[in-house]
Protein chains: 2
Amino acid sequence: MALTDDAIAKIRSMIQSGELPPGARLPPEPQLAAQMGLSRSGVREAVKVLESARVLDVRRGDGTYVTSLAPRLLLEGLGVAVELLRDDTLLEVMEVRRMLEPMATGLAALRMTDADLDELGRILQDMRAAADDAEKLIQFDAAFHHTVIATTGNETLTSLLDGLAGRTLRARVWRGLIEGNAAHQTIEEHHTIYLALRARDQLLAQASALLHVNTSEAWLRTVLGAKSSDG
Amino acid sequence: MALTDDAIAKIRSMIQSGELPPGARLPPEPQLAAQMGLSRSGVREAVKVLESARVLDVRRGDGTYVTSLAPRLLLEGLGVAVELLRDDTLLEVMEVRRMLEPMATGLAALRMTDADLDELGRILQDMRAAADDAEKLIQFDAAFHHTVIATTGNETLTSLLDGLAGRTLRARVWRGLIEGNAAHQTIEEHHTIYLALRARDQLLAQASALLHVNTSEAWLRTVLGAKSSDG
DNA sequence: TCGCCGACAAACGTCCGATGTCTCTATAGT
DNA sequence: ACTATAGAGACATCGGACGTTTGTCGGCGA
């Protein structure tokens with residue numbers, strides 16, 4: 001294809017070059033169509049693609065604007081992509097988390113504030129209280145890790161790890177943990193990480209995070225293995 | 001918005017549920033439109049979004065098919081997203097590379113074959129021969145790191161790091177390196193990494209990769225700093 | 001003067017039908 | 001058996017029309 005993809009490329013390069021800064025408003029669709037030499041239908045497809053990538057923000061009845069281009073927006077699509085990965089590649093994702101998450105957790109140990117630690121303590125408490133509710137466990141687990149990573153102050157890193165630990169992946173791991181009666185032990189792993197962070201011990205935080213990711217990976221393997229031998 | 005986004009979600013969930021496995025063919029656009037309760041225009045916008053995410057493959061005159069859903073495809077969008085990040089967040093990207101690339105390089109030291117090492121040696125030679133050509137340097141630099149990471153056998157990891165070290169980012173770093181007369185020294189950093197890999201020394205590979213990323217980060221800082229003080 | 005309300009205009013959302021162009025396949029001919 | 005060609009199927013693009021939503025502005029009333 002050419003026309004629509006060209007339009008996408010043009011708009012993207014206008015943004016990249018600074019001609020269309022964050023917050024800028026694009027011309028109305030008919031005008032944009034004339035300007036790029038294709039019909040309004042083509043422009044709409046192009047705009048839709050960039051909107052789904054969180055590059056453009058279409059406000060009905062108002063106009064189309066460039067978003068803030070914040071990492072949290074642009075990297076949102078990573079999570080969607082990970083959700084569509086096939087089962088056998090989820091182990092690759094886990095291997096990446098195994099490398100990245102311990103480093104990030106170690107960094108968090110250096111940058112974490114007392115307020116951050118308090119919030120983490122609350123989440124840990126919530127987690128223990130929800131030990132029987134798979135849905136809540138998944139939610140608090142996500143909140144725990146997100147909070148830890150977010151304290152690094154690196155929004156890009158946070159978005160990446162959020163995306164890599166997608167909802168589906170997390171749900172599968174916890175399903176395995178619960179069915180294998182390992183939920184309690186895993187909650188305690190979070191406590192271990194919490195203690196290391198409280199002590200501002202980088203290496204200990206790193207090590208405990210690695211152990212934790214390893215546990216997740218092991219249970220994911222179990223879940224995937226059980227599935228493949230099903231039918 | 002509802003109709004088009006609903007259509008996107010429906011198609012995606014059909015793929016996720018296995019109803020549309022990799023390689024499957026979707027119904028023709030008019031039929032798909034009827035099936036999802038919207039017009040052909042809306043379907044086309046939905047398909048276009050999924051095509052740009054490398055989830056669908058539209059073959060003109062033939063039909064629309066689900067791609068292989070390989071990580072290399074689905075994570076391709078990451079590179080595009082990184083290209084649009086604002087300057088100040090590029091340092092965040094560098095911090096992520098600083099965490100991930102040394103670990104990956106260390107892992108590569110364990111898994112690298114003799115054939116891999118030979119190829120790496122060739123790239124290193126090319127790099128030295130092209131010390132005066134910025135464009136080629138960027139290309140060989142990308143090839144070097146890609147080759148190293150690819151030997152881990154982890155396609156997801158490879159795609160992620162490829163995306164994080166996008167063309168624009170790499171070009172900026174090398175611009176700084178060349179203008180600062182540091183190109184030669186940086187090429188030697190690659191040699192150091194190569195030697196560590198040849199020795200199958202994980203820790204040494206890790207350390208030399210960290211030093212290398214650190215150099216890149218420093219020069220990126222220089223380039224960005226010079227730019228912000230320009231105007 | 002401030003605030004509410006209604007009308008107008010701008011802009012996107014959706015649909016429809018028509019035509020061009022490409023790909024694949026099957027058939028006919030050599 | 002192989003090749004060339006014609007046809008059918010499917011996407012690409014266009015242009016216009018109408019509905020819906022949003023933002024704005026002026027007028028009215030408290």
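Residue numbers begin at 1 in each chain, while the letters A, B, ... track the order of the sequences.
Rounded to an integer number of Å, the gap from CD of A:Gln31 to P of C:dA10 is 13 Å. At whole-Å resolution of the value, CE in A:Met36 and P in D:dC14 are 13 Å apart. Taking atom CZ on A:Arg59 and atom P on D:dT24, their separation rounds to 11 Å, with Å as the unit. Distance CZ (A:Arg44) to C1' (C:dT14): 8 Å, rounded to an integer number of Å. Residue A:Asp5 contributes atom CG, which lies 16 Å from atom P of D:dC11 at whole-angstrom precision. Summarising the geometry, the separation between CG on A:Asp57 and C1' on C:dA11 is reported as 14 Å, rounded to the nearest angstrom. One atom, NZ of B:Lys48, and another, P of D:dT13, lie 7 Å apart when rounded to the nearest Å. If you measure from atom CD of A:Glu45 to atom P of D:dT13, you get 7 Å, rounded to the nearest angstrom.
Heavy-atom distances to DNA chain D give each of B:Ser41 and B:Leu26 a nearest nucleotide, and the one nearer the 5′ end belongs to B:Leu26. Comparing B:Gly37 and A:Glu29 by the nucleotide of DNA chain C that holds the closest heavy atom to each, the one mapping nearer the 5' end is A:Glu29.
Residue A:Ser39 places its side chain closer to D:dT13 than to any other of C:dC16, C:dC12, D:dT13. With D:dA12, D:dA10, C:dC15 as the candidates, the nucleotide lying closest to the side chain of B:Arg25 is D:dA10. In this structure, of C:dG13, D:dT13, D:dC11, it is D:dC11 that holds the atom nearest to the side chain of B:Pro28.
Under the rule for a salt bridge (Lys or Arg N to Asp or Glu O under 4.0 Å), the partners of A:Arg175 that lie at least two apart in sequence or sit in another chain are A:Glu179. With sequence neighbours excluded, no residue forms a ring pair (Phe, Tyr, Trp, His ring centres under 6.0 Å) with A:Phe140. Under the side chain to side chain contact (heavy atoms under 4.5 Å, CB included) criterion, B:Ser17 pairs with B:Glu19, sequence neighbours left out.
Between B:His145 and B:His212, the two ring planes are parallel [angle under 30°; tilted spans 30° to 60°].
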Check nucleotides 18-21 of chain D against the protein and report each pair of N or O atoms closer than 3.5 Å, with its distance, or say if there are none.
residue: D:dG19; atom: N2; partner: A:Arg60; partner atom: NH2; Å: 3.3
residue: D:dT20; atom: O4'; partner: A:Arg60; partner atom: NH2; Å: 3.2

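OP1 and OP2 of C:dA11 both lie 4.0 Å or more from every side-chain N or O belonging to A:Thr64.
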List, one per line, each side-chain donor-acceptor pair under 3.5 Å for residues 152-167 of chain B, sequence neighbours excluded.
residue: B:Thr152; atom: OG1; partner: B:Ile149; partner atom: O; Å: 2.6
residue: B:Thr152; atom: OG1; partner: B:Asn154; partner atom: N; Å: 3.3
residue: B:Asn154; atom: OD1; partner: B:Thr156; partner atom: N; Å: 3.1
residue: B:Asn154; atom: OD1; partner: B:Leu157; partner atom: N; Å: 2.9
residue: B:Asn154; atom: ND2; partner: A:Glu92; partner atom: O; Å: 3.2
residue: B:Asn154; atom: ND2; partner: A:Glu95; partner atom: OE1; Å: 2.7
residue: B:Glu155; atom: OE2; partner: B:Arg72; partner atom: N; Å: 3.1
residue: B:Thr156; atom: OG1; partner: A:Glu92; partner atom: OE1; Å: 2.7
residue: B:Thr158; atom: OG1; partner: B:Asn154; partner atom: O; Å: 2.8
residue: B:Ser159; atom: OG; partner: B:Glu155; partner atom: O; Å: 3.0
residue: B:Asp162; atom: OD1; partner: B:His146; partner atom: ND1; Å: 3.2
residue: B:Asp162; atom: OD2; partner: B:His146; partner atom: ND1; Å: 2.6
residue: B:Arg167; atom: NH2; partner: B:Glu135; partner atom: OE2; Å: 2.1

What donor-acceptor contacts under 3.5 angstrom involve side-chain atoms of residues 26-37 of chain B, with partners at least two apart or in another chain?
residue: B:Glu29; atom: OE1; partner: B:Arg40; partner atom: NE; Å: 2.8
residue: B:Glu29; atom: OE1; partner: B:Arg40; partner atom: NH2; Å: 2.8
residue: B:Glu29; atom: OE2; partner: B:Arg44; partner atom: NH1; Å: 3.1

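Enclosure of atom CG in B:Asp88 by more than 12 non-hydrogen atoms of other residues, nucleotides or ligands within 6.0 angstrom is indicated.
Looking at heavy-atom distances under 4.0 Å, A:Gly42 makes no contact with the nucleic acid at all.
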